[in-house]
Amino acid sequence: MLTPLRKLVAPTGALLAVLAFSQGALASPITVNLRVEGSAKTLFEGQVTTDGGTLTTTSGGAHSCDYKDNGSSGGYANGGNSAGTPTTALHDAAVAQGLTFDALWFGTGASNGDPGDFFVSQVGADVNQSTAPYASWGFAVNSTTAPVGGCQIALAPGNSVLWAYDYFNKTHLLALSGAATAISGVAFTVHVVDGQTGAALSGAAVGEVLNGVTTTSASTDASGDATITLTQTGTHTLKATRADSVRSNGLTVCVHDTNDGGCATTASNPGASVPSIFVSSSSSSSAIVQIGATADVPRIADLHNGNTFTAHRAPRILRGAVTLPAGATLREVRIRLERRHNGRCSAFNGRKGAFVSAKCGGAKFFSVGSSASFSFLLPARLPAGRYVYEIQALDQAGSPTKLTTGVSHVVFRVK
């Protein structure tokens, strides 16, 4: 069983939280990998840019959730500097996804020797239980159950943070691995282990994720292996589940037909032309844009050239997906975002998680990974200005897709 430092529960029927960070909360934003596993499905899996600051919830009130204010955390410390935490990462993702978030406050304050902490009590529809079996939210950093609360850990860029409902009643944190490509109709093997120990796990069901819910397909044997067969070509996401465990990370598998050269394989006709990589991207909702040399290219549905957003409707979350036609190979997906306001330009820096001064037209691309799908959460809704947003995919040789006005190159404004 995964054991927390202290086990607390929230009253049933916790109220919808009203959330806000203080204006000074964005001093040193960082980007981390976040996965949020609800009781029925994965609520979020992707990158989040976050920072420490004052967090206000309905049940807990207004208190700091910043490493510099909330205590020492051993191996997760950064010397006492301001830093984003597992709880701020969860909060930011929940707000961007439109999920209900609430947290209780425990502690008397640093002046009394107790820095205090928020205890997450609700994300989405999953509310901590005050009666047995006391299902509640818990978390791990880099596959290790944290020995302290979610505001007491200083995250570093690239850390992996997992939040899961009913966490403390689970025995394992499932980790799924396997090949990135498969042939349609041909069985292949995936592997499931305990992410904390690396031990193989039997009896885990592995299936495809559809609308966030994992469907059962096969079960792992004593070696932690399961045999999967996918018949539809294209990109699929698999996850592993087991009743006593937190469901696994998503495994992206590209499925192609035999000898067609798809998914980075060698085609039976090596002299045949290789199509472009197709990239799908969205703004803050579910719009799709496709990049590639096709006669009929779909356009983004809610983020067009010339769009103007009010401040409270400005984009915050950027998602994307890559489809690999026959013979194409995905090496990396990257994006760039440039802002112009009052005659000055700045570019979003993915490593720093913030806009930095830049020459107009000189914004640099930054990587959002090599997965066939991505989610990137900005630290806040975009402020007033004129924006240029662009997305590229690189093949194995490092050749990028071309930018297409209105498709992969979009200009919009925020009032």
Undergrad: Which residues satisfy the side chain to side chain donor-acceptor pair (under 3.5 Å) test with N33, sequence neighbours excluded?
TA: none

Undergrad: Listed by chain and number, what are the ring pair (Phe, Tyr, Trp, His ring centres under 6.0 Å) partners of Y165, not counting sequence neighbours?
TA: W137

Undergrad: Only counting residues at least two apart or in another chain, list the ones meeting ring pair (Phe, Tyr, Trp, His ring centres under 6.0 Å) with F355.
TA: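 For F355, the residues satisfying ring pair (Phe, Tyr, Trp, His ring centres under 6.0 Å) (neighbours in sequence not counted) are F348.
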
Undergrad: State yes or no: are the ring centers of F309 and F412 separated by less than 6.0 Å?
TA: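 Ring centroids of F309 and F412 are less than 6.0 Å from each other.
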
Undergrad: Residues two or more places apart in sequence or in another chain: which of them pass ring pair (Phe, Tyr, Trp, His ring centres under 6.0 Å) with H236?
TA: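 H236: no ring pair (Phe, Tyr, Trp, His ring centres under 6.0 Å) contacts found.
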
Undergrad: Could I get the full list of side chain to side chain donor-acceptor pair (under 3.5 Å) partners for T49, not counting sequence neighbours?
TA: T31

Undergrad: Can you list everything that forms a salt bridge (charged side-chain N to carboxylate O under 4.0 Å, His left out) with R242? Sequence neighbours excluded, please.
TA: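 With sequence neighbours excluded, R242 shows a salt bridge (charged side-chain N to carboxylate O under 4.0 Å, His left out) to D244, given in chain and number order.
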
Undergrad: Sequence neighbours left out, what passes side chain to side chain donor-acceptor pair (under 3.5 Å) with T310? Give chain and number order.
TA: H312

Undergrad: If the condition is side chain to side chain contact (heavy atoms under 4.5 Å, CB included), which residues does D194 pass it with, not counting sequence neighbours?
TA: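 Result, side chain to side chain contact (heavy atoms under 4.5 Å, CB included) vs D194: H172, Q196, T197, L201.
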
Undergrad: Mind checking what makes side chain to side chain contact (heavy atoms under 4.5 Å, CB included) contact with A226, not counting sequence neighbours?
TA: V190, V206, A218, T220

Undergrad: Could you name each residue pair satisfying salt bridge (charged side-chain N to carboxylate O under 4.0 Å, His left out) that touches residues 383-394, not counting sequence neighbours?
TA: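 Matches after skipping sequence neighbours: R336-E390.
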
Undergrad: Residues two or more places apart in sequence or in another chain: which of them pass side chain to side chain donor-acceptor pair (under 3.5 Å) with S39?
TA: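 Applying side chain to side chain donor-acceptor pair (under 3.5 Å) to S39 gives D126.
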
Undergrad: In chain order, what residues pass the side chain to side chain contact (heavy atoms under 4.5 Å, CB included) check against P157, with sequence neighbours excluded?
TA: I30

